[in-house]
Every structure is written in C-alpha cells, then in structure tokens.
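One structure below.
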There are 4 protein chains.
Amino acid sequence: MAGVNKVILVGNLGADPEVKYLEGDNVVANLRLATTESYKDRSGNRVEQTEWHDLELWGQQAKIAEQYLKKGSQIYVEGKIKSDTWQDEQGQNRKKVRIRVLSFTMLGGRPDNAPNAPNMPATSTNAPKASVQTSSGPEIDLSDTDDDLPF
Amino acid sequence: MAGVNKVILVGNLGADPEVKYLEGDNVVANLRLATTESYKDRSGNRVEQTEWHDLELWGQQAKIAEQYLKKGSQIYVEGKIKSDTWQDEQGQNRKKVRIRVLSFTMLGGRPDNAPNAPNMPATSTNAPKASVQTSSGPEIDLSDTDDDLPF
Amino acid sequence: MAGVNKVILVGNLGADPEVKYLEGDNVVANLRLATTESYKDRSGNRVEQTEWHDLELWGQQAKIAEQYLKKGSQIYVEGKIKSDTWQDEQGQNRKKVRIRVLSFTMLGGRPDNAPNAPNMPATSTNAPKASVQTSSGPEIDLSDTDDDLPF
Amino acid sequence: MAGVNKVILVGNLGADPEVKYLEGDNVVANLRLATTESYKDRSGNRVEQTEWHDLELWGQQAKIAEQYLKKGSQIYVEGKIKSDTWQDEQGQNRKKVRIRVLSFTMLGGRPDNAPNAPNMPATSTNAPKASVQTSSGPEIDLSDTDDDLPF
DNA sequence: TTTT
DNA sequence: TTTT
C-alpha cells in the first residue's frame with residue numbers, strides 16, 4: 001500500500017564522514033548530523049536542544065560526501081527513516097534507526113576543498129556549493145563517474 | 001544554532017492508539033504507524049517494504065487521536081525526530097527514536113465514529129475529516145476546549 | 001548555486017485530469033487540486049479557506065493520472081514550483097505559477113476504476129492504490145510502458 | 001476538508017527585504033527568493049535554472065527579516081502557497097501566487113549585522129543565526145516581545 | 001502490527 | 001560529537 005516516509009534536516013556534521021568501500025564497487029558513508037532547536041523555557045531562559053541523527057549515504061553520494069563534507073559542515077538533507085532490527089545476545093529485540101539520505105545540499109560558504117582553481121572566474125561552472133540529488137531508488141542505475149561531480 | 005528536523009509520513013495505524021492520562025491534566029498517545037514502499041526488484045518482481053514508526057502525541061492531539069483514530073486509520077503526519085537515550089542494565093548505551101507529532105490529518109473516508117448525526121446537512125461544521133494542527137499562524141485563535149474538536 | 005524548491009500537498013481534485021498527447025510520444029496532464037484549511041476566526045466561527053493549485057504531470061505519471069484519478073480523488077503530491085513568464089498583448093509582464101509534480105500517491109479507499117477483477121488474487125501486482133514515484137529529473141529516462149504500471 | 005499545503009525552500013535573496021509598517025502595529029515584509037537547480041542536459045552540459053519566489057512575512061518575522069536579512073542572504077523557508085485573485089482593468093481574471101512564510105532560518109555564516117559585540121561570551125543568548133518559528137510545540141512559551149528576538 |  |  002502506498003505510503004510516504006520523508007525526512008528533511010538542516011544541521012551540522014559532528015565528525016568527518018566515515019566511508020567504507022565494499023565489494024562490487026559499492027560505497028557507503030555514515031554521517032552524524034546535529035539539528036539544534038532553540039526555545040525559551042517557562043522561566044524565560046533560552047534553551048538549546050540538540051538531536052543527533054545517523055545518516056547513511058550510498059554510491060556516488062557517499063563519494064561526494066567523502067570529498068566535500070567534514071566535521072562542522074552545514075547541510076540540507078532529504079531522506080527517509082530506515083530501521084534495522086535484530087536480536088542481541090540476551091535475546092532482546094533491538095532496533096537501530098537511520099536516515100537513508102536521498103539527496104543533500106551543502107549550505108553556507110564555499111567548501112575549502114571545492115574544485116575551484118585560483119583565478120577561476122566567479123561565473124565558473126564549478127559552482128561553490130555542492131548539490132546532490134540522485135533521487136536513487138534501488139532500481140535506478142546512476143552511472144556517474146568521479147569526474148562527473150554534480151557541481 | 002538554528003536547525004531543521006522535520007518528518008512527513010503517510011501511512012496506516014497498526015493498532016488502536018494507546019493513551020495515558022498523566023498527572024497535571026496531561027495526556028500522551030502512542031501510535032504505531034506503517035509506511036509501505038513498493039518497488040520492483042532486479043527480477044521485475046514487485047516488492048513491498050514496510051517501515052514501522054513510533055509516534056507520540058501530547059495534549060489535545062492525544063485526545064483527538066484517542067477519539068477518532070483506530071487500527072487501520074490512514075493519516076498524514078508532520079513531526080520531528082526525538083530520541084531518548086539511557087543505559088540499560090548491562091551498562092550499554094541505548095537509544096529509542098520516536099516521532100513527536102506536531103500535526104496530523106485523517107485521510108480517506110469519514111471515520112466510523114465521527115460526530116455526524118444521520119440527516120446532518122452536508123455543510124455541517126462537523127466536517128468528515130479530522131485536521132489537527134497545534135501550530136497555527138499568528139492570526140488564528142486557538143481557544144479550543146475539549147468539547148470543541150477541530151472538525 | 002544549490003537550492004531547494006519543494007512542495008507537498010494533500011487535497012482533492014476539482015475536476016477530472018486534462019490530458020494532452022503531444023508529438024514524440026510525450027504526454028502531459030493538468031490537474032486542479034484544492035487544499036482546504038479550517039480554522040476559527042476571532043468570533044469563534046469555523047472558517048474554511050481553500051487554495052487551488054495547478055498541477056502538471058508528464059510522461060508515465062500523466063498516463064496514470066488519466067487512468068486512475070478523477071474529480072474528487074484525494075491525493076498526496078510532491079513537486080516543485082515552476083513559473084512561466086511572458087508579455088501579454090498590452091506588453092505587461094505576466095507570470096503563471098504551476099506545481100510540477102514529481103510524485104503522487106492516491107489516498108483513501110480503492111479507486112472505482114482500479115484494475116482489480118473480482119476473484120483476482122490478493123497478491124496481484126495490480127495493487128489497488130496508485131503510488132507513483134518516478135523521481136524523474138530531466139535527465140532520467142523512464143522507459144516504462146503502459147503494461148508496467150507501478151502498482 | 002482537511003488538507004496540506006506546504007512549501008520548503010532553500011535559496012538566496014535577490015534584494016533587501018521590503019518592509020511596510022501598517023496601521024494597528026502590523027508589519028509585512030516582502031522578499032524575493034531565488035532557488036537554483038543545476039542539472040546536465042542531453043549534451044552533457046551543465047544547465048542552471050532559477051525560480052524566483054515572492055515571499056510574504058508578517059509581524060515579528062517581518063521585523064527580524066528587516067533587521068537580519070539582506071540581498072544575498074541564504075535562508076531555509078517553510079510556508080504555504082497563497083494566491084490573490086482579482087479582475088484587472090480589462091476584466092480579465094488575474095492571479096498572483098505568493099509564499100506565506102511560517103518559519104525561516106538563516107543559513108551559512110554569521111550575518112554581518114548580527115548583535116554580537118566583540119568580546120561577547122560564546123554562550124551569549126544573542127546567537128548569531130536567526131531561527132524564527134511562529135509555530136511552536138505546546139510546551140513552548142512564546143512570550144516574545146519586540147526587544148526579545150529569538151536568537 | 002497496517003494498508004492494498 | 002556540530003553549530004552559534
């Protein structure tokens with residue numbers, strides 16, 4: 001039956017991406033993203049509440065994350081909630097929730113390691129911000145190569 | 001620091017709402033929501049994948065959920081990801097992820113137990129679908145009482 | 001520069017889809033969707049405010065809309081805002097805003113004209129609710145055929 | 001009938017906010033926001049497509065926009081589509097679509113004119129990024145005054 | 001455990 | 001563990 005499972009986050013990475021190259025030319029990147037909410041409590045004091053999200057990126061997006069994201073990077077993320085369930089050694093049911101990222105966009109300033117040669121004109125197609133929108137369901141073949149970064 | 005933490009779901013309840021009345025006139029409802037995704041695998045077979053979400057509603061929304069939602073109900077949900085963390089008896093760090101619902105809307109047909117008397121005119125303010133939005137624009141008066149359900 | 005342009009709607013069609021078959025095997029469907037918001041004004045009276053949206057669907061989605069949607073259908077829509085600008089006969093700048101639909105899902109009950117023969121097994125791939133998620137950027141080739149409906 | 005009308009944008013302002021102070025202590029700000037999408041056409045050339053959105057903010061949000069946003073500012077916006085319709089001098093039906101902003105968040109670096117004195121402690125409540133959310137959870141006290149900007 |  |  002048809003459903004919708006959508007997550008939208010804006011936050012900062014708590015650490016550099018952790019990237020694993022798997023067999024069969026597959027790549028996965030894991031990110032820790034903090035989204036912080038700020039509000040006033042009853043006493044009028046400003047309170048900050050931070051939620052930490054475990055993000056998972058696959059394929060070309062994992063590679064772009066590896067290359068351009070790092071601890072502190074601010075990103076916009078779109079994805080879906082995905083959980084793994086298993087039994088632990090005590091026979092207890094366990095569940096781990098992750099955000100499967102379907103697209104992300106770097107926010108704020110130009111990344112330090114963006115591919116912009118010095119003296120490159122401002123109107124260069126090497127735009128200063130990364131936008132990655134593979135919108136890849138499992139059945140879609142994204143035959144991108146490393147030379148073919150989306151920005 | 002400013003962030004965004006937003007979840008949008010459309011799915012069906014796997015069970016009737018579980019409602020607890022707490023001290024201090026507080027109410028909480030817990031719902032189990034299934035979002036099902038359907039796609040074709042490499043062999044061309046249609047595959048269904050269901051994700052189960054733990055929803056948490058508070059206050060007036062909890063009461064409306066109790067009154068109008070039941071096992072099988074299809075709803076649109078907007079909320080945010082919220083996790084509790086603690087140490088279990090083995091001293092292991094544990095984390096439980098929930099969706100804190102900020103608004104929801106009943107989808108599909110008129111709920112069985114909707115407050116529509118027979119012979120009630122079609123233009124009755126007892127509209128057939130529940131829409132609950134605790135968050136309102138500045139011009140909207142939310143002086144709701146318990147007798148004053150938003151539909 | 002990287003941006004986000006996302007629209008999420010839940011509403012009902014004000015009329016049957018208008019479908020045009022263009023040259024080159026292209027199809028476009030135009031839908032009128034009403035989203036209705038209900039709130040109480042200062043006097044405590046319930047007020048309904050309806051916004052009408054012009055939706056545009058292309059390709060396989062247009063065909064599915066033609067086949068399964070009709071006046072009154074309730075759908076969930078995801079898309080982006082897209083405007084055409086031109087000069088009218090008086091030389092005035094004009095602008096027309098549409099929602100370019102990227103995916104939609106039928107809500108509520110089984111559509112009347114869904115392809116479920118009586119005695120059809122429950123596991124039929126002709127599932128009773130349409131879910132269309134081509135997530136088609138302009139560069140993605142969706143070589144679906146009519147026999148290959150996504151439900 | 002219950003509906004959903006939601007817009008999520010990330011983009012940059014094309015000009016400084018235009019703010020009007022109305023009678024009765026009301027304020028409205030109009031913003032022009034560009035969302036740019038980048039993709040490759042059939043020839044493999046990168047193409048940028050920019051959509052311009054007319055945003056409308058009211059009350060406290062309008063004041064914050066006036067104070068902290070300017071041409072070029074990158075923001076995350078959440079709102080709804082809202083159209084005005086009228087007849088022009090030729091008796092033609094006209095329609096103007098705007099985004100009614102319900103919340104916004106400044107992205108990227110610290111705004112130039114943010115209220116951070118030099119030597120101000122890092123834990124100052126005068127946080128450098130604006131987050132404005134008129135819609136709040138039930139437990140949040142929104143007793144803001146004009147002197148009491150939410151960051 | 002839902003829905004189709 | 002981020003950001004401000």
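This is a predicted model, so every value here is computed, not measured. Numbered from 1 within each chain, the chains take letters A, B, ... in sequence-line order.
Atom C1' of nucleotide F:dT3 and atom NE2 of A:H53 are separated by 13 Å, given to the nearest angstrom. A:R46 places its CZ atom 20 Å from the P atom of F:dT3, with the value rounded to the nearest Å. One interatomic measurement links the two molecules: NZ of B:K71 to C1' of E:dT4, which rounds to 16 Å at whole-angstrom precision. The distance between atom CD1 of B:I99 and atom P of E:dT2, rounded to the nearest whole Å, is 20 Å. Rounded to whole Å, atom P of F:dT3 lies 8 Å from atom CH2 of A:W52. For the pair B:K70 NZ and E:dT2 P, the computed distance is 14 Å after rounding to whole Å. Across the protein-nucleic acid pair, B:M106 atom CE and E:dT3 atom P stand 13 Å apart, rounded to whole Å. When the P atom of E:dT2 is taken as reference, atom CG of B:N12 falls 10 Å away, rounded to whole Å.
With hydrogens and angles ignored, a donor-acceptor pair closer than 3.5 Å exists between the side chain of A:T50 and the base of F:dT2.
Taking A:K96 as the reference, A:D54 meet the salt bridge (Lys or Arg N to Asp or Glu O under 4.0 Å) condition, with sequence neighbours excluded. Partners of A:E56 under the side-chain hydrogen bond (donor to acceptor under 3.5 Å, both in side chains) rule, at least two apart in sequence or in another chain, are A:W58.
Residue B:E48 has its side chain nearest to E:dT4 when only E:dT2, E:dT4, F:dT3 are considered.
Nucleic acid contact for B:S73: none, since no nucleic acid atom lies under 4.0 Å from a heavy atom of the residue.
Side-chain contact of A:Y39 with A:E37: a donor-acceptor pair under 3.5 Å is absent, judged by distance alone.
A salt bridge does not link A:D84 to A:K95: none of the charged side-chain nitrogens sits closer than 4.0 Å to a carboxylate oxygen.
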